[in-house]
A.B. asks: 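Pasting a structure here, questions to come.
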Protein chains: 2
Amino acid sequence: MSKRVTINDVAQAAGVSRQTVSRALNDKGEIDAGTKQRVIDAARELGYRPSRFARGLVRQDTTTIGLVIPDLLNPFFTEVAAGALEAARARGWHVIVYDTADSVDTERGTLEVVASQVDAVVGYFSLDEAELDTHLSGLPAVLIGREHRTPRFSSIRIEGAAGVREAVDHLFAKGHRRIGMLDYAGRAEPSIRRAWFADAMTAHGLADDAVGTAVQSVDGGTEALTGLLAQHPSLTAVFTFNDIIAIGALRAARRLGRTVPDDLAVVGFDGLQLGTVVDPALTSVALDTRRVGTLAIEQAGRLLTDAPLLPDEELQVNAVLVVRESA
Amino acid sequence: MSKRVTINDVAQAAGVSRQTVSRALNDKGEIDAGTKQRVIDAARELGYRPSRFARGLVRQDTTTIGLVIPDLLNPFFTEVAAGALEAARARGWHVIVYDTADSVDTERGTLEVVASQVDAVVGYFSLDEAELDTHLSGLPAVLIGREHRTPRFSSIRIEGAAGVREAVDHLFAKGHRRIGMLDYAGRAEPSIRRAWFADAMTAHGLADDAVGTAVQSVDGGTEALTGLLAQHPSLTAVFTFNDIIAIGALRAARRLGRTVPDDLAVVGFDGLQLGTVVDPALTSVALDTRRVGTLAIEQAGRLLTDAPLLPDEELQVNAVLVVRESA
DNA sequence: GCACGGCCCGTGAACGTTCACGGGAACGTT
DNA sequence: AACGTTCCCGTGAACGTTCACGGGCCGTGC
């Protein structure tokens, strides 16, 4: 690792001072066209690249955001990340992406280093707020898809009660009376989406007794629906925790000889682009994932400056039913 | 924006010197347990976070890589990005991701700023090497999926001739004689994959005359196959530029009443995970996308240190046929 | 002839942290 | 009593850049 080329090396090579080199390379003006060219040539000749650290130290302008997600290959997080990247690019900000590989330990590890690398952090975290706080040591943070309990944090809420209600309304209107659900198997307690579904069912006076759980994968959805239908053969429709599981359910239905949506209606959650490539296209309670990412970045920006924070009601993304083909 | 809390503020609050604060916060040792705790408390009290710029200036250890891709929502790039993130995490490196939104102007814009933010850059670029060079001003760079012409750059090659040959062999063995192709419509000249296909076809003495082009989307694939089959109804198999287009082709076949693979075999390229969620699962000439990302990061690391670069033959990812259900 | 303004360039200082070094106090050893 | 060790802590310097300021030179106007 040879010695670094500094601005002084360029200055010496061009026969001028530091400041003149700085002026030439930053289009500052107050410099003769001839010497400017001479400096530029010298810089290129020596392979000079300014140190981002030295530059960042004196001008406090560049902002870098950390984006922490459990798994970039999960299409939901991909879409959120894309939204965040777009919003950041519009502001000229930089985004360092951390994939925690669905591991709590990896999450801890990244949190440890993220605090010293970015100006604010945004993302999906699984740790509780107390531990987050100790790891982040005061770093501004925006939690996505999860309520914050302490004023220490800010968060982007996902509100799906109305959307799920819409979905059940839709199924009910189509004549469905036996509707099951495939919940997420990853946590101990039932999900909030499960609660939304229960509310919508009881609102219609329907029995809410056919519920299975699926792990987070297409295969998980396939297995889960197969099991659920074995237990409850009379089901004519099923609502799933998310689109990935729904796509697995689609496959299970086909393998069981049930055509969708005639023999079995399927409604997912998230509204991923992925739902449009399968056949039949997936009906889903859709989230504006791009907006989730955008909001998170926006709020992070507010935290970074003295600008007023986004009001609570804007920090919410509402899911709406998108009817495609599967229901 | 209130004044920044510096290490001196903490030192003053704790009644010690800079250095002692530094020792306490970095677990350096040579410090009394009591004062260490006192410093930590004072730091937390004041909300002190060390400046990454000042720190980076003096210890030259943290490395940051820029990853430039045209579109994170394109599953191929998502997988490459995931591979790169994983490799970077294993090394303790940070990755700033830039999505150029499939726009050459955006690519120019990011190249302009990327040089001053990262230690090396890796990714898919559409600009020619000359322009890349002027924008990057000496920044180490690894080009993915594209040959480098000048020693200025390094690159990761994608070699698919053998894999495509495998695919055609497979189709031939299954009795297919009329095999078409859907090439990429985005560029003026035919793609290299088109050439690989042509070679494989002539090797079997088959006519290579049924070729259409598709834009980069599922819908594009659907339209393109519909058109191709209208022109060449006798086709019994089709090879596509990539999996996205293939999935569109799958849908077109179904709409035309052709069951896959019996009435029409479909073979894609890339081997995306996405190909396993559609039905029938997509047979594809598969790339190890994770390895593409990993290699790029590895080579970037070599460029950054004095370690010897990866030999040419290792900088290549070979596609192999993965037979699933569609052919 | 002199003052003044514009153009071009250089010098000290500052940004906030870590490194290298030195030094005092307490303790034990001879 | 003198000396060496260990433990703990502080001070100058350095990292590489930009900012604020000052100053020389040349041309212009009165």
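In what follows, every chain begins at residue 1, and chains take the letters A, B, ... in the order their sequences are listed.
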A.B. asks: Return yes if the base of C:dC15 and the side-chain atoms of A:Gln60 contain a donor-acceptor N/O pair under 3.5 Å, otherwise no.
C.D. replies: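 There is none.
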
A.B. asks: State the pairing partner of C:dT30; accept Watson-Crick or G-U wobble contacts with both distances under 3.5 Å, and report none otherwise.
C.D. replies: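 Pairing partner, where one exists within any strand: D:dA1.
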
A.B. asks: Roughly, in whole Å, what's the span from CZ in B:Arg52 to C1' in C:dC15?
C.D. replies: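 Going from B:Arg52 (CZ) to C:dC15 (C1'), I get 14 Å.
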
A.B. asks: Does A:Arg23 get its side chain close enough to the base of C:dG10, under 3.5 Å, for a donor-acceptor pair?
C.D. replies: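 For A:Arg23, whose side chain was compared with the base of C:dG10, there is a donor-acceptor pair (under 3.5 Å).
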
A.B. asks: Looking only at side-chain N and O atoms, does A:Ser17 come under 4.0 Å of OP1 or OP2 in C:dG10?
C.D. replies: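 Result: yes.
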
A.B. asks: For B:Thr289 and B:Glu79, test the side chains for any donor-to-acceptor distance below 3.5 angstrom and give the result as yes or no.
C.D. replies: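 Result is yes, a qualifying pair exists.
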
A.B. asks: Nearest nucleotide by nearest heavy atom, which residue falls closer to the 5' end of DNA chain D, A:Asn26 or A:Glu30?
C.D. replies: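 It is A:Asn26 whose nearest nucleotide is closer to the 5' end.
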
A.B. asks: Taking only side-chain N and O atoms of B:Ser22, does any of them lie within less than 4.0 angstrom of OP1 or OP2 on C:dT18?
C.D. replies: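 For C:dT18, OP1/OP2 do have a side-chain N/O of B:Ser22 under 4.0 Å.
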
A.B. asks: Please work out if A:Lys36 contacts a base, only the sugar-phosphate, or nothing of the nucleic acid, heavy-atom cut-off 4.0 Å.
C.D. replies: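 It contacts nothing in the nucleic acid.
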
A.B. asks: Whole angstrom is fine here: how far is it from CD in B:Gln19 over to P in D:dA13?
C.D. replies: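 Between P of D:dA13 and CD of B:Gln19: 16 Å.
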
A.B. asks: Quickly work out the B:Arg49 CZ to C:dG16 C1' distance and round it to whole Å.
C.D. replies: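 The distance from CZ of B:Arg49 to C1' of C:dG16 comes to 14 Å, rounded to the nearest Å.
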
A.B. asks: Taking everything shown except B:Glu45 itself, do over 12 heavy atoms lie less than 6.0 Å from its CD?
C.D. replies: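 Result for CD/B:Glu45: open.
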
A.B. asks: Quick check: any donor-acceptor pair below 3.5 Å linking the side-chain of A:Arg18 to the base of C:dG12?
C.D. replies: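 Indeed there is one.
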
A.B. asks: I want to verify a distance call: between D:dC15, C:dC19, C:dT17, whose nearest atom is closest to the B:Leu57 side chain?
C.D. replies: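 Nearest to the side chain of B:Leu57 among the choices is D:dC15.
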
A.B. asks: Taking only side-chain N and O atoms of A:Thr35, does any of them lie within less than 4.0 angstrom of OP1 or OP2 on C:dC9?
C.D. replies: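 For C:dC9, OP1 or OP2 has a side-chain N or O of A:Thr35 closer than 4.0 Å.
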
A.B. asks: Compare side-chain N and O positions of A:Lys28 against OP1 and OP2 of C:dC8 and report whether any pair is under 4.0 Å apart.
C.D. replies: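 Checking A:Lys28 against C:dC8: no side-chain N or O falls below 4.0 Å of OP1 or OP2.
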
A.B. asks: Would you say A:Thr6 reaches D:dC15's phosphate, i.e. side-chain N/O to OP1/OP2 under 4.0 Å?
C.D. replies: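 Answer no for this pair, as no side-chain N or O of A:Thr6 is under 4.0 Å from OP1 or OP2.
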
A.B. asks: Nearest to the B:Thr20 side chain among C:dT17, D:dG10, D:dT17, which nucleotide is it?
C.D. replies: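 Nearest to the side-chain atoms of B:Thr20, counting from C-beta on, is D:dG10.
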
A.B. asks: Which one, C:dG16, D:dG16, D:dT18, comes nearest to the side chain of A:Val58?
C.D. replies: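 Side chain of A:Val58 sits closest to D:dT18.
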
A.B. asks: Of all the nucleotides listed (C:dC9, C:dT17, D:dG16), which has the minimum atom distance to the side chain of A:Ile31?
C.D. replies: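 It is C:dC9.
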
A.B. asks: A:Arg59 has an atom CZ; how far is it from atom C1' of C:dA14, in whole Å?
C.D. replies: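 In whole Å, C:dA14 C1' lies 15 Å from A:Arg59 CZ.
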
A.B. asks: If we ignore angles and hydrogens, is there a donor and acceptor under 3.5 Å between the side chains of B:Gln37 and B:Asp41?
C.D. replies: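 Yes, B:Asp41 and B:Gln37 have a side-chain donor paired with an acceptor closer than 3.5 Å.
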
A.B. asks: Taking it one step at a time, do B:Arg290 and B:Leu295 satisfy side-chain contact (heavy atoms from CB on, under 4.5 Å)?
C.D. replies: CA-CA 9 Å; B:Arg290 172 188 311 250; B:Leu295 274 179; over 6 Å; no

A.B. asks: Looking at C:dT17, C:dG12, D:dG10, which one has an atom nearest to any side-chain atom of B:Arg55?
C.D. replies: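 Out of C:dT17, C:dG12, D:dG10, the nucleotide with an atom closest to B:Arg55's side chain is C:dT17.
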
A.B. asks: Nearest 0.5 Å, please: how far is OG in B:Ser137 from CZ in A:Arg49?
C.D. replies: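 With rounding to 0.5 Å, CZ (A:Arg49) is 7.0 Å from OG (B:Ser137).
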
